[in-house]
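Here the structure is laid out as structure tokens; the discussion comes afterwards.
Below, chains carry the letters A, B, ... as their sequence lines are ordered, and counting in each starts from 1.
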Amino acid sequence: MGFEMKSSNMKKRLLRKGLTEFQADVLIKVMGIPRGETRTYKQVAAMAGRPHAYRAVGTALRLNPFAPTIPCHRVIKSNGDIGNYSAPGGRRKKIEMLEAEKAI
DNA sequence: CAGGTGACATGAG
DNA sequence: ACTCATGCCACCT
């Protein structure tokens, strides 16, 4: 609840950046993934209220203007693979951060 | 409105 | 365990 107000502001910032409602919602949900934990693209889709839009979640994360502050690196594939990462450093950096957080 | 794209999921072989 | 094809969804052109 402490970050309810924060995420509300963040959503506005994201919308101002030109993201759609869906894309902003996805990133807001991702903000709530604790350090040391991961979620799958599918789980994030469900959290955003679109259980079947897991593919579009990847498209949304790709637009994350605040990586790694919004920890999109904590979103991985359902089969355990790391998945991709478009922020600077690429997939390699994603793996490093997850290991540093002991999420893997 | 049609066609294309992508940080996915899942089943078949 | 691995590759390939197909399905799916939001978005863009």
### Query
Nucleotide by nucleotide, 5' to 3', does protein get under 4.0 Å of the base (B), only the sugar-phosphate (S), or neither (-) in nucleotides 7-13 of chain B, counting heavy atoms?
BBSS---

### Query
Which residue pairs pass the side chain to side chain donor-acceptor pair (under 3.5 Å) test with at least one member in residues 95-104 of chain A, sequence neighbours excluded?
A:His73-A:Glu101, A:Arg74-A:Glu101

### Query
Which part of the nucleic acid does A:Arg91 contact within heavy-atom distance under 4.0 Å: base, sugar-phosphate only, or nothing?
nothing

### Task
Using a cut-off of strictly less than 4.0 Å between a heavy atom of the residue and any atom of DNA chain C, enumerate the qualifying residues of residues 95-104 of chain A by number.
none

### Results of salt bridge (charged side-chain N to carboxylate O under 4.0 Å, His left out) for A:Lys11 - residues two or more places apart only
A:Glu21, A:Asp25

### Query
Which residue pairs pass the salt bridge (Lys or Arg N to Asp or Glu O under 4.0 Å) test with at least one member in residues 28-41 of chain A, sequence neighbours excluded?
A:Glu37-A:Arg39

#### Entry: Pairs involving residues 58-69 of chain A, ordered by first then second residue, that meet salt bridge (Lys or Arg N to Asp or Glu O under 4.0 Å) (sequence neighbours left out)
none

### Query
Under the side chain to side chain donor-acceptor pair (under 3.5 Å) test, which residues partner A:Tyr41, sequence neighbours left out?
A:Lys94

### For atom NE2 of A:His52 and atom C1' of C:dC8, their distance in whole Å
9 Å

### Same apolar cluster (I L V M F W Y, side chains within < 4.5 Å links), A:Met31/A:Ile76
no

### Message
Just to verify, what does A:Lys12 make a side chain to side chain contact (heavy atoms under 4.5 Å, CB included) with, not counting sequence neighbours?
### Response
none

### Message
What is the distance, to the nearest angstrom, from the CG atom on A:Asp25 to the C1' atom on C:dC9?
### Response
15 Å

Pair up each side-chain donor or acceptor in residues 46-55 of chain A with any protein partner under 3.5 Å, not counting sequence neighbours, and list the distances.
none

